[in-house]
2 protein chains.
Amino acid sequence: MNIKDASELTHVPAKTIRYYEDIGLIVPQRGPNGYRVFSDSDVNKLGFIGRARALGFTIEDCRTLVSLWEDDRRESADVKRIAEDHLEAIDAKIAALHEIRETLDDLVHRCAGDHRPNCPILESIGKEQS
Amino acid sequence: MNIKDASELTHVPAKTIRYYEDIGLIVPQRGPNGYRVFSDSDVNKLGFIGRARALGFTIEDCRTLVSLWEDDRRESADVKRIAEDHLEAIDAKIAALHEIRETLDDLVHRCAGDHRPNCPILESIGKEQS
DNA sequence: ATAGGGCTTCCACCTACTGGAAGGTCAAGA
DNA sequence: TCTTGACCTTCCAGTAGGTGGAAGCCCTAT
């Protein structure tokens, strides 16, 4: 199958598929016309990558996960470690965002949002924090 | 004052300060030796930008916020709109991360993490979602 | 034969920096 | 006075993960 069909089946944009080939994540065959030819296994792999990316794994993580996925002699501990590290990173990100969110929410609530220049948001950003 | 002092006072790395000048966010004077010379007002502005960035505002938002900050005739509504939009974006990001987090957490808990190849994490990423 | 859609490569751009190389400047100490 | 080391400068390249667009080939249907 050609790139468009692979793209539609996996919900990975064609541009992105080409990019994944560029960085060696997938290596589809080529037809006599130079077109990429995607096998079922290519499509599966692409779907796997797409779902791993949707879970926020980095490309490098995806590379590792794919190779573990394809390795019959993998140890699930290796997979779990990657997932746990990622989970920790996500928790950290959520915590950071949450803190920002609280500050911002407070500022927004304190700002009149009218035609006058007085603004607690700017005042707060403008002065050094304790 | 020179870049290092401005950097230390504002906690904005010197490299980043130079970058901010590149993109026209700040325009420090130059001394006869070509060194950047930072006035108190430059430092204040830099601090403002640093804190706005720490709240997750984009550089373009910072540009607008700085100009509103410096404008006596601003309307707080303009500031509030920017902050509200940003708050919404943050909420969306938190929600997305939270969803990922739950999925990932479930998978991690279901994975034995031992020497055996059997792995619910890979199985889940490997098969199409309903 | 021509029109359209799909395919190819390549290059540039995005955000917000960061690292490093090559070289100029300045103040303090021998 | 010379030298050393800490500054400072510019410029180029790279990061993550794509996305947009141009120029040009290919394939099928009419």
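Since the structure is predicted, the reported quantities are computational estimates derived from the model, not experimental observations. All chains are named by letter (A, B, ...) in the order of the sequence lines, taking the proteins before the strands, and each is independently numbered beginning at 1.
There is a side-chain donor-acceptor pair under 3.5 Å between A/D42 and A/S39. For the residue pair B/N118/A/S76, the side-chain donor-acceptor check at 3.5 Å is not satisfied.
Note on B/F57: nothing from the nucleic acid sits closer than 4.0 angstrom, heavy atoms only. Within 4.0 Å (heavy atoms only), B/R18 reaches at least one base atom of the nucleic acid.
A/R81 has no carboxylate O lying under 4.0 Å from a charged side-chain N of A/D85, or vice versa, which leaves the two without a salt bridge.
B/Y19 has its OH atom 18 Å from the P atom of D/dT9, to the nearest Å. Here the P atom of nucleotide D/dA16 and the CD1 atom of A/I23 are 10 Å apart, to the nearest Å. One atom, OH of A/Y20, and another, C1' of D/dA16, lie 11 Å apart when rounded to the nearest Å. Summarising the geometry, the separation between CZ on A/R30 and P on D/dC25 is reported as 17 Å, rounded to the nearest angstrom. Remark: P of D/dG17 and CD1 of A/I17 are 17 Å apart, rounded to the nearest angstrom.
Residue side chain B/Y35 reaches the base of C/dG24 through a donor-acceptor N/O pair under 3.5 Å, judged by distance alone.
Closest to the side chain of A/I59, from the set D/dC11, C/dA16, D/dG17, is D/dG17.
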